[in-house]
Protein chains: 2
Amino acid sequence: MDTEPRRRGPFWDMLAGRVSPPAAAETLGWELIEVDPGQGTIEVAFKASERFVNPIGVIQGGFLAAMLDDTLGPALVATLPEDQFAVTLDLHVQYLRPARPGRLIGRGRVVRRGREVCFLAGELIAPDGKTVAVATATAHLQTRRG
Amino acid sequence: MDTEPRRRGPFWDMLAGRVSPPAAAETLGWELIEVDPGQGTIEVAFKASERFVNPIGVIQGGFLAAMLDDTLGPALVATLPEDQFAVTLDLHVQYLRPARPGRLIGRGRVVRRGREVCFLAGELIAPDGKTVAVATATAHLQTRRG
């Protein structure tokens, strides 16, 4: 696993403990399993909480979208130099199967990285190995000023 | 406002206090403003929490997707008879502007209601009246057994 403790930028600063994980990631129980910025791939885990269920007792689709956003986004952010950040322009999620509370694995990848626009894809996997949702996203790279 | 206290079904049972609000709705600070099942429209409010922010201090796009799912879904569910429920097949969100923690308004509508498949749309509005995100979704109607 490529953790690169000396690398800088929001993603690597968080991994090295130099900054706190974002609140959104903590709320979703986000945990890094493996990241390969050279390949533009990432594998993460989430804790799908009882707090995320809908009236029929399965994880509300929107929270699966939040997990997919927090899978696809970091796949890209891990590849960025310190002065760049990525803004999600759109996110499309297809719900293949219901997901129960518990651990879900997110796999994300950079499908195409342009100079300003990047295309991302990924999926969420249940403990039985079945894919519960797939997603694509478009992101816009911006440079931090100052 | 059409509250129809005697009407049955998950949506109306929740409004009348006969069942608890789903955990996902509570986590998002969901609150009904107005619903018109005849028109297939709904207006709701959310409390975009500090727990939902990303590393650049704005609400993580996935949580906006969760709010939109909890806007479009109820617009449809409010129209269903007691023995039917709706499963979201897909959700597409476009992020127009960053959203800060605070109150966000969700407006949802049933664009087309088929016998089994329904098309939904809606948007999230910031306190300054600007639209922060728009969404479309496809839902599949199913009948409760037993």
Side-chain angles (χ1 to χ4, degrees), chain A residues 9-11 13-14 19-28 30 46 48-74 77 85-98 101 133-140 142 144, chain B residues 9-11 13-14 19-28 30 46 48-74 77 85-98 101 133-140 142 144:
Chain A
F11 181 87
D13 288 348
M14 181 192 79
V19 299
S20 304
E26 287 203 334
T27 299
L28 297 172
W30 188 94
F46 297 95
S49 160
E50 297 281 354
R51 285 179 297 129
F52 305 158
V53 301
N54 70 16
I56 50 174
V58 299
I59 303 297
Q60 194 244 31
F63 284 92
L64 299 178
M67 293 176 200
L68 284 158
D69 189 35
D70 232 351
T71 300
L72 276 53
V77 171
F85 62 100
V87 173
T88 307
L89 301 181
D90 80 344
L91 177 69
H92 182 232
V93 181
Q94 292 176 304
Y95 299 101
L96 278 54
R97 290 182 182 82
V134 296
T136 55
T138 316
H140 187 231
Q142 299 187 3
R144 228 173 285 273
Chain B
F11 182 84
D13 289 347
M14 181 192 79
V19 299
S20 304
E26 288 204 333
T27 299
L28 298 172
W30 188 95
F46 297 96
S49 159
E50 297 280 353
R51 285 178 297 131
F52 305 157
V53 302
N54 69 16
I56 50 175
V58 299
I59 302 296
Q60 195 245 32
F63 284 92
L64 300 178
M67 292 176 200
L68 284 158
D69 189 33
D70 233 350
T71 300
L72 278 52
V77 171
F85 63 98
V87 173
T88 308
L89 300 182
D90 80 343
L91 177 70
H92 182 232
V93 181
Q94 291 175 305
Y95 300 101
L96 277 56
R97 290 182 182 82
V134 297
T136 56
T138 316
H140 186 232
Q142 299 187 2
R144 227 174 286 274

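We name chains A, B, ... by the order of the sequence lines, and we start the count at 1 in each one.
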**Report entry** Option from A:Asp69, A:Leu28, A:Asp70 for which side chain to side chain contact (heavy atoms under 4.5 Å, CB included) with B:Phe63 holds
**Finding:** A:Leu28
Query raised in the report: Of all residues at least two apart in sequence or in a different chain, which pass the side chain to side chain contact (heavy atoms under 4.5 Å, CB included) check with A:Thr138?
Result: A:Leu89, A:Asp90, A:Val117, A:Phe119
Requested in this report: Just jot down the side chain to side chain contact (heavy atoms under 4.5 Å, CB included) partners of B:Ala48, sequence neighbours excluded, or say none.
Outcome: B:Ile59, B:Met67, B:Leu104
Report summary line: Of B:Pro22, B:Ala65, B:Pro98, B:Ala24, the largest count of non-hydrogen pairs under 4.5 angstrom with chain A goes to B:Ala24
Report summary line: Turns out that what part of B:Gln94 lies under 4.5 Å from chain A's heavy atoms comes down to both
Report summary line: Counting heavy-atom pairs under 4.5 angstrom with chain B, the leader among A:Gly73, A:Ala25, A:Ala23, A:Ser49 is A:Ala23
Report summary line: In terms of heavy-atom pairs under 4.5 Å with chain A, the winner among B:Glu50, B:Arg51, B:Glu26 is B:Arg51
Requested in this report: Say whether, by atom type as modelled, one donor and one acceptor occur between the side chain of A:Gln60 and the main chain of B:Ala66 under 3.5 angstrom.
Outcome: yes
